[in-house]
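The structure under discussion appears below in the form of structure tokens.
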There are 2 protein chains.
Amino acid sequence: MCVFYAGKHDRPPIVFAIKRIEVTEKLITPTVVSDSYEVSITVDCAVFGFHEGVLKVLLVKRSIAPYKDHWLLPGGIMEKDQTLEEAVNQVLYHLTGMSDIHQEQVKIYSKVDRHPAKRVVTVCFYALVKPENHPVIAKNHISEVAWFPINEPLPSLAFDHATLFSDAHETLKQNLKRRLLFGELLADAFTLKELQDLYESILNEQLDRRNFRKKMMQLDLLEATGEKKIGVRGGPELYRIKKQSRS
Amino acid sequence: MCVFYAGKHDRPPIVFAIKRIEVTEKLITPTVVSDSYEVSITVDCAVFGFHEGVLKVLLVKRSIAPYKDHWLLPGGIMEKDQTLEEAVNQVLYHLTGMSDIHQEQVKIYSKVDRHPAKRVVTVCFYALVKPENHPVIAKNHISEVAWFPINEPLPSLAFDHATLFSDAHETLKQNLKRRLLFGELLADAFTLKELQDLYESILNEQLDRRNFRKKMMQLDLLEATGEKKIGVRGGPELYRIKKQSRS
DNA sequence: GCAAAAGTGTTCGGGGTACACCCATGG
DNA sequence: CCATGGGTGTACCCCGAACACTTTTGC
């Protein structure tokens with residue numbers, strides 16, 4: 001039997017009946033004692049970029065065992081005095097030379113045998129980079145860096161990174177449908193066509209041009225720059241994201 | 001300058017131009033070395049229960065400093081050879097005596113100064129328990145356990161648990177709207193009214209009875225048991241969740 | 001028998017989808 | 001001048017919201 005506490009919290013809760021079950025020493029309370037178990041935490045990041053109308057993901061190739069010469073998502077270890085977000089920023093900075101990149105948590109992976117050598121818990125993020133930022137190659141343990149179109153088969157990825165990538169892409173799709181605008185993948189000024197191509201790449205489906213324009217306009221997050229994109233037929237208007245709408 | 005890789009992956013990626021930026025030793029590649037930084041990971045869990053038509057959350061009161069006599073979400077430390085989900089299961093088992101409780105990841109919190117004594121990274125979950133399961137009190141570092149209605153002000157919570165709770169509730173709401181059925185908070189057989197009360201508690205808004213019934217029926221996840229709930233006027237039909245629909 | 005709750009159908013509006021023509025620009 | 005792409009409006013359909021009366025049962 002137990003008594004439920006139904007009143008306001010300024011009255012003390014009603015006494016709670018006790019049903020006896022063995023309780024181990026270390027559980028229930030998040031009291032942290034000095035000898036508590038510790039693990040390394042890594043961050044892995046699916047970096048999406050948009051180039052030539054195609055959504056791509058940035059992969060790196062390992063030059064050491066295990067999984068030598070396998071592709072995988074770039075990642076790094078969370079350091080002392082650093083949050084996970086700061087760790088991701090550091091990884092992104094060293095890959096792209098850019099800071100202030102939009103990033104989102106995807107999920108955390110804690111299977112005991114994820115890494116063959118040592119227990120590692122990994123937090124997956126995704127990040128969106130603008131195409132004008134040029135990625136650089138990293139020097140240690142990485143032999144290559146390349147962009148891969150996501151709507152074509154990717155190479156097989158090391159560890160469980162295929163799952164991580166798939167989850168990251170799914171999270172990106174869901175966030176896009178919940179009406180987050182993703183100007184972060186485009187230059188500051190862009191045409192509606194470019195934005196639509198981006199949406200189609202992320203969602204991997206075709207959208208109607210007029211309906212897309214209508215929807216974007218009634219979201220009221222874009223404003224015309226007054227300039228037109230030159231060098232392209234039809235003379236499309238360039239838009240930018242309204243300042244107060246930036247995420 | 002960089003070359004984008006546009007082809008199929010059975011051809012090797014095009015050579016990647018290098019832009020030189022200083023790269024620290026430990027980043028980019030998730031290679032784990034033996035001296036890499038390690039940290040304790042805790043799981044905290046917002047345990048939701050549904051009782052007398054009201055959605056409640058299970059809180060525990062700390063009996064030790066810091067935050068002595070403050071309420072907080074139950075939690076525990078992830079142990080060696082244990083996943084985060086197993087750690088949550090262990091916490092839930094010791095709180096409620098039940099296993100196989102539905103749980104979902106909410107978010108991970110890694111601010112460096114979250115815990116005043118020691119760096120701790122925490123993963124927040126939520127769990128849904130059936131009302132017929134009786135929670136028990138835990139013995140060490142906990143003086144009380146009680147259910148609190150979530151649509152009334154909660155006591156102030158220790159650490160950053162107010163944020164954790166708020167995020168967990170928001171995630172639960174979102175998951176409910178994405179059409180997950182939450183029979184886990186109800187007995188095996190329940191009336192539509194009870195299910196609607198549950199929805200209203202979670203979403204904290206009133207729903208139209210007829211529209212709710214219509215929506216549930218066309219989701220085609222429920223089946224009538226053929227029995228009626230006795231002791232209540234109107235003689236409502238009892239429903240159960242179809243077997244193949246269980247999450 | 002009467003109060004309380006269960007059960008049932010229709011209407012309306014908004015948003016999403018499908019669809020065709022004219023206009024502007026580059027080559 | 002012509003080919004390519006940009007820009008616009010309308011009809012239909014589905015889903016969700018609003019809404020009232022009859023039937024069943026407990027007391």
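Atoms considered below: every heavy atom in the structure, side chains included; atoms not considered: hydrogens, waters and symmetry mates. By convention in this document, chain letters (A, B, ...) are assigned in the order of the sequence lines, proteins followed by strands, and residues within each chain are numbered from 1.
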- Steps toward side chain to side chain contact (heavy atoms under 4.5 Å, CB included) verdict (Tyr239(A), Thr225(A)): CA-CA 5 Å; Tyr239(A) 293 86; Thr225(A) 61; 5.6 Å; no
- Query: Does any pair with a residue in residues 195-227 of chain B pass ring pair (Phe, Tyr, Trp, His ring centres under 6.0 Å), and if so which ones, sequence neighbours excluded?
  - Reply: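 The answer is Tyr199(B)-Phe212(B).
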- Message: I need the full list of salt bridge (Lys or Arg N to Asp or Glu O under 4.0 Å) pairs touching residues 230-241 of chain A, with sequence neighbours left out, sorted by first then second residue.
- Response: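 Counting only pairs at least two positions apart or across chains, the salt bridge (Lys or Arg N to Asp or Glu O under 4.0 Å) contacts touching residues 230-241 of chain A are Glu223(A)-Arg240(A).
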- Task: Assess the side chains of Tyr109(B) and Asp44(B): does a donor N or O sit below 3.5 Å from an acceptor N or O?
- Result: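 No, Asp44(B) and Tyr109(B) have no side-chain donor paired with an acceptor closer than 3.5 Å.
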- Mind checking ring pair (Phe, Tyr, Trp, His ring centres under 6.0 Å) for His169(B) and listing every partner two or more places apart, or none if nothing turns up?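 Testing His169(B) for ring pair (Phe, Tyr, Trp, His ring centres under 6.0 Å), a comparison that skips the adjacent residues, returns none.
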Below 3.5 Å between N/O atoms, which protein atoms pair up with nucleotides 3-10 of chain C? Just atom names and distances, please.
from	atom 1	to	atom 2	distance (Å)
dA4(C)	O4'	Arg233(B)	NH1	2.7
dG7(C)	OP1	Glu237(B)	N	2.9
dG7(C)	OP2	Arg213(B)	NH2	2.4
dG7(C)	O5'	Arg213(B)	NH2	3.4
dG7(C)	N7	Arg209(B)	NH2	2.7
dG7(C)	O6	Arg209(B)	NH2	2.6
dT8(C)	OP2	Arg213(B)	NH1	3.4
dT10(C)	O4	Lys214(B)	NZ	3.1

- Query: Quick one: Glu205(A) CD to dT17(C) C1', roughly how many Å, whole number?
  - Reply: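 Checked: the CD to C1' distance equals 12 Å.
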- Map Lys229(A) and Lys215(A) onto DNA chain C by nearest heavy atom, then report which one ends up closer to the 5' terminus.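 Here Lys215(A) is the residue nearer the 5' end.
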- Arg210(B): partners by salt bridge (charged side-chain N to carboxylate O under 4.0 Å, His left out), with sequence neighbours left out: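 Asp208(B).
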- Message: Below 4.0 Å from chain B heavy atoms, what is the first contacting nucleotide of DNA chain D and what is the last?
- Response: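 From 5' to 3', the first and last contacting nucleotides are dG16(D) to dC27(D).
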- Query: Could you state the interatomic distance from CH2 (Trp71(A)) to CD1 (Ile142(A)), rounded to the nearest 0.5 Å?
  - Reply: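 Reported to 0.5 Å precision, the distance equals 9.0 Å.
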- If we only count heavy atoms from C-beta on, is the Lys56(A) to Phe148(A) side-chain gap below 4.5 Å?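 Lys56(A) vs Phe148(A): side chains apart.
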